[in-house]
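Worksheet: the structure to be examined is printed underneath.
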Amino acid sequence: MMKPEIVKENRRDCIAFEVQGGTRRIFSPPWKTSMALASLCVFTLLLPTLSPAVVELPAILSNGMVLQRDATNAIWGMANPGEVVTVKLGKAKIKAQADNKGKWQARLPPMPAGGPHELTVIGQNTVTLSDVWVGEVWLCSGQSNMQITLKSYRNHADVMADITTADFPQIRAYNPPPVGSQTSWTPCSPKTAADFSATAFYFGRYLHQELKVPIGLILRAIGSTYIENWVPFDALRQAPWGKKLIEMQKTREFSAAKAEFAERIMAWQAAKAEWARKKAEGTDRSPEPARPVIPPILAQYDRGLGNKFRIIPQIIPFTIRGVIWYQGEANVADEPQDEYLDKMKTLIGSWRNLWAQGDFPFYYVQLAPYRYAQDWTVLPRFWEVQAAALCIPGAAMAGTLDLGDAPDNVHPSNKREVGRRLALLALAKIYGREDVACSGPTYKSMAAEGCKLRIRFDNVYGGLTTRDGKPPAWFQVAGADKAFVEAQAEIKDDTVCAWSAAVEKPIAVRYAWHQTPGYQPGTNTPTGPTPNLTNVKGLPTLSFRTDSW
């Protein structure tokens with residue numbers, strides 16, 4: 001029973017109590033307060049019959065949303081247990097009954113692209129959503145390179161031009177807390193575009209311009225996150241790599257390292273505060289105290305297992321066309337690196353199971369060149385693992401070997417091309433555009449021809465070329481001694497021939513096998529040739545090696 005309280009309102013005493021839908025008040029003059037309280041007790045007993053339950057919808061089902069065209073769309077929410085709810089959109093009228101916990105779900109039949117529509121949900125109350133469109137809906141997830149906004153690149157003239165001309169009211173973004181600040185679907189305009197994810201904006205803009213349909217972009221990305229953060233815990237416990245992480249976190253060694261590191265962080269924070277105080281006083285000119293280095297055991301095993309996945313169920317089972325994913329920076333130096341492939345399989349499989357939409361597309365971005373570690377093979381080996389994930393049904397990768405601001409920017413600025421290349425994958429693989437090239441050349445086979453190696457490629461799309469008109473750069477060959485040396489290379493029809501006078505009988509070849517090819521340590525501009533082999537569509541060749549040394 002709710003506890004009434006006497007409050008002052010408009011100079012009269014009243015008794016106020018909370019019920020669903022707002023505050024109810026019974027007014028009475030002071031001398032009748034006791035009588036009013038007695039009446040209130042009787043009124044409170046009647047509340048279950050006088051106060052109908054309110055049909056409620058999740059936040060993602062709101063004004064301005066975009067539903068997926070040509071697919072059944074889930075509409076769900078809460079109501080009284082057993083209550084019958086009617087959902088209307090256009091000519092469709094679907095009924096659903098709430099279960100014993102009040103949960104209900106209706107599935108709208110497929111509709112073509114268009115709008116605006118009005119969606120109505122009727123139970124004991126009526127909820128009406130306006131400005132509803134039907135088009136293409138994509139989930140945009142990962143870490144900071146997906147999260148980072150257009151305004152983060154506003155110093156680039158072309159980005160500012162894209163913001164000021166971003167008048168696309170049929171492109172809608174949904175980016176709710178805890179990461180975003182949009183509590184509803186936000187139409188794209190010159191006033192709102194700056195807060196859109198840069199990668200998602202360019203992806204959505206290209207699709208919208210090519211398909212001429214509304215585009216819905218659901219952003220669920222958090223910076224500095226591991227792939228393990230995005231996997232449901234049930235799936236983690238079933239995966240061998242997940243079991244290993246869970247068991248390691250239970251060890252005394254792990255707990256002791258975590259406790260010790262926490263103490264070191266507290267001491268560092270105190271030292272940093274003292275340093276800042278003395279610096280403000282002018283009594284300390286020393287450098288800022290360095291943050292403690294994370295112990296190896298924590299760096300390898302202290303993963304917030306599944307802790308970011310919690311923001312994914314908020315949008316399930318909202319119907320989507322597919323996922324674009326930009327992540328891996330946090331995992332690039334993990335050992336063994338090939339576990340990332342298993343983690344990708346677990347992530348994609350678990351999400352597809354939860355949505356129950358089949359093998360929806362999952363398109364991901366290759367990491368761009370960047371100086372991740374002293375070992376310059378760390379990134380190319382990770383590229384190899386990312387390329388191996390193409391074995392997953394419905395998965396595809398946008399190459400970025402030519403898009404890095406190497407070696408000093410982990411957030412390369414050319415998100416326009418990243419988004420476009422993701423959109424090319426969708427156009428070619430989902431939307432039936434046979435005229436669209438969506439991938440750069442990928443290694444197919446190699447054959448020795450005397451002192452040369454002839455390399456064949458898939459995804460040539462009409463021919464090989466170089467983006468600067470020069471001979472192909474960054475090929476290396478090795479003989480039986482396994483010592484790789486720089487090779488000369490030339491394009492022959494749809495193949496590349498590579499050789500070196502220093503290797504009489506080459507048996508292996510590598511291409512762009514370096515984390516920052518063309519850059520030297522301590523430099524921010526190329527000091528030599530950079531990888532330049534592309535197909536005639538301008539898409540870059542993926543890094544590869546034919547050896548396993």
Query raised in the report: Mind checking whether Arg421 and Pro540 have side chains closer than 4.5 Å, heavy atoms only?
Result: yes
Query raised in the report: Run the side chain to side chain contact (heavy atoms under 4.5 Å, CB included) check on Trp499 and Val509 step by step: do they pass?
Result: CA-CA 9 Å; Trp499 72 95; Val509 61; over 6 Å; no
Query raised in the report: When rounded to the nearest 0.5 angstrom, what distance separates CG in Asp402 from OG1 in Thr400?
Result: 7.5 Å
Query - Pair Arg69-Thr319, side-chain hydrogen bond (donor to acceptor under 3.5 Å, both in side chains): steps then yes or no - result: CA-CA 9 Å; Arg69 65 169 171 167; Thr319 306; over 6 Å; no
Query raised in the report: Which atom names give the shortest non-hydrogen contact between Leu390 and Ala395, and what distance separates them?
Result: CD2-O, 4.2 Å
**Report entry** Greater than 12 external heavy atoms within 6.0 Å of Glu490's CD
**Finding:** yes
Query raised in the report: Got a sec, which residues hit salt bridge (Lys or Arg N to Asp or Glu O under 4.0 Å) with Lys345, two or more places apart in sequence or on another chain?
Result: none
Requested in this report: Please round to the nearest 0.5 Å and tell me the distance separating atom OG of Ser197 and atom CG of Leu150.
Outcome: 7.5 Å
Return a table of donor-acceptor pairs under 3.5 angstrom between the side chains of residues 377-384 and protein atoms on other chains or two or more places apart.
| from | atom 1 | to | atom 2 | distance (Å) |
| --- | --- | --- | --- | --- |
| Thr377 | OG1 | Asp375 | OD1 | 2.7 |
| Thr377 | OG1 | Asp375 | OD2 | 3.2 |
| Thr377 | OG1 | Arg381 | NE | 3.2 |
| Arg381 | NE | Thr377 | O | 3.4 |
| Arg381 | NH1 | Glu335 | OE2 | 3.4 |
| Arg381 | NH1 | Gln337 | OE1 | 2.6 |
| Arg381 | NH2 | Asp375 | OD2 | 3.3 |
| Trp383 | NE1 | Leu367 | O | 2.7 |
| Glu384 | OE1 | Arg545 | NE | 3.3 |
| Glu384 | OE1 | Arg545 | NH2 | 2.9 |
| Glu384 | OE2 | Arg545 | NE | 2.9 |

Query raised in the report: Hey, is Arg416 close enough to Asp162 for a salt bridge, meaning N to O under 4.0 Å?
Result: yes
Query - Short side-chain to backbone donor-acceptor contact, Gln386 and Val365, under 3.5 Å - result: yes
Query raised in the report: Who passes salt bridge (Lys or Arg N to Asp or Glu O under 4.0 Å) against Arg420, sequence neighbours left out?
Result: Glu417
Query raised in the report: Are Lys258 and Glu263 ion-paired here, with the side-chain N under 4.0 Å from a carboxylate O?
Result: no
Query raised in the report: To the nearest 0.5 Å, how far apart are CD in Gln314 and CD1 in Ile316?
Result: 10.0 Å
**Report entry** Phe360-Trp351 aromatic ring centre distance below 6.0 Å
**Finding:** no
Query raised in the report: When rounded to the nearest 0.5 angstrom, what distance separates CD1 in Ile324 from CG in Leu139?
Result: 8.5 Å
Report task. Would you please test Glu339 and Lys244 for salt bridge (Lys or Arg N to Asp or Glu O under 4.0 Å) and show each step? Result -> CA-CA 12 Å; Glu339 276 191 353; Lys244 182 172 66 175; 2.7 Å; yes
Query raised in the report: Step by step, would you call Leu401 with Leu542 a side chain to side chain contact (heavy atoms under 4.5 Å, CB included)?
Result: CA-CA 7 Å; Leu401 187 60; Leu542 297 185; over 6 Å; no
Query raised in the report: Any chance CZ of Arg154 has more than 12 other-residue heavy atoms, nucleotides or ligands included, within less than 6.0 Å?
Result: no
Query raised in the report: Does Ser543 use its side chain to pair, donor to acceptor, with the backbone of Ala512 at less than 3.5 Å?
Result: yes
Query raised in the report: Between the side chains of Gln143 and Gln327, does any donor sit under 3.5 Å from an acceptor?
Result: yes
Query raised in the report: Can you find a heavy atom in the side chain of Leu347 that is under 4.5 Å from one in the side chain of Trp325?
Result: yes
Query raised in the report: Near Glu253 CD, under 6.0 Å, is it more than 12 heavy atoms from other residues, nucleotides or ligands?
Result: no
Pair up each side-chain donor or acceptor in residues 286-298 with any protein partner under 3.5 Å, not counting sequence neighbours, and list the distances.
| from | atom 1 | to | atom 2 | distance (Å) |
| --- | --- | --- | --- | --- |
| Ser286 | OG | Asp284 | OD1 | 2.5 |
| Ser286 | OG | Asp284 | OD2 | 3.4 |
| Glu288 | OE2 | Lys272 | NZ | 3.3 |

Report summary line: Shortest non-hydrogen pair, Gln300 vs Leu245, comes out as O-CD2, 3.9 Å
Query raised in the report: Does Cys497 reach the side chain of Leu453, with side-chain heavy atoms less than 4.5 Å apart?
Result: no
Query raised in the report: Which value, rounded to the nearest 0.5 Å, describes the distance between Cys438 atom SG and Asn459 atom CG?
Result: 7.0 Å
Query - 4.5 Å side-chain heavy-atom contact, Thr199 and Asn145 - result: no
Report task. Check the pair Leu464 / Val536 against side chain to side chain contact (heavy atoms under 4.5 Å, CB included), numbers first and verdict last. Result -> CA-CA 6 Å; Leu464 296 174; Val536 293; over 6 Å; no
Report task. Give the intermediate values and the outcome of salt bridge (Lys or Arg N to Asp or Glu O under 4.0 Å) for residues Lys452 and Glu449. Result -> CA-CA 5 Å; Lys452 295 183 179 181; Glu449 297 181 358; over 6 Å; no
Query raised in the report: Does the side chain of Arg352 come within less than 4.5 Å of Gln357's, by heavy atoms?
Result: no
Requested in this report: Describe, in one word, how the ring planes of Tyr364 and Phe362 are oriented to each other, choosing from parallel (under 30°), tilted (30 to 60°) and perpendicular (over 60°).
Outcome: tilted
Query raised in the report: Is a donor on one side and an acceptor on the other found under 3.5 Å between the side chain of Asn229 and the backbone of Tyr226?
Result: yes
Report task. Examine Phe203 together with Trp138 and report whether their ring centres are nearer than 6.0 Å. Result -> yes
Query - Flag side-chain contact, heavy atom, 4.5 Å: His208 against Gln170 - result: yes
Report task. In sequence, state the C-alpha distance, the side-chain angles, and the governing distance for Asp334 and Lys343, and then conclude on side chain to side chain contact (heavy atoms under 4.5 Å, CB included). Result -> CA-CA 12 Å; Asp334 288 354; Lys343 293 171 185 178; 3.9 Å; yes
**Report entry** Polar side chain donor-acceptor pair, Arg456 to Thr495, under 3.5 angstrom
**Finding:** no
Query raised in the report: Tyr153: what forms a side-chain hydrogen bond (donor to acceptor under 3.5 Å, both in side chains) with it, not counting sequence neighbours?
Result: Lys415
Query raised in the report: Picking from Phe475, Phe457, Phe544, what satisfies ring pair (Phe, Tyr, Trp, His ring centres under 6.0 Å) with Tyr443?
Result: Phe544
Requested in this report: On the 0 to 90° scale, with breaks at 30° and 60°, tag the Phe484-Trp549 ring pair as parallel, tilted or perpendicular.
Outcome: tilted
Query raised in the report: Which residue pairs pass the side-chain hydrogen bond (donor to acceptor under 3.5 Å, both in side chains) test with at least one member in residues 503-521, sequence neighbours excluded?
Result: Arg510-Asp547
Query raised in the report: With a 4.5 Å heavy-atom cut-off, do Glu210 and Tyr431 have their side chains touching?
Result: no
Query - Heavy-atom check, side chain of Asn331 versus side chain of Arg303, under 4.5 Å - result: yes
Report task. Pick out which of Ile392, Val385, Val231 makes a side-chain contact (heavy atoms from CB on, under 4.5 Å) with Met344. Result -> Ile392
Report task. Go through the side-chain N and O atoms of Ser413 and Asp405 and say whether any donor and acceptor fall under 3.5 Å apart. Result -> yes
Query raised in the report: CZ/Arg220 to CZ/Arg310 distance, rounded to the nearest 0.5 angstrom?
Result: 10.0 Å
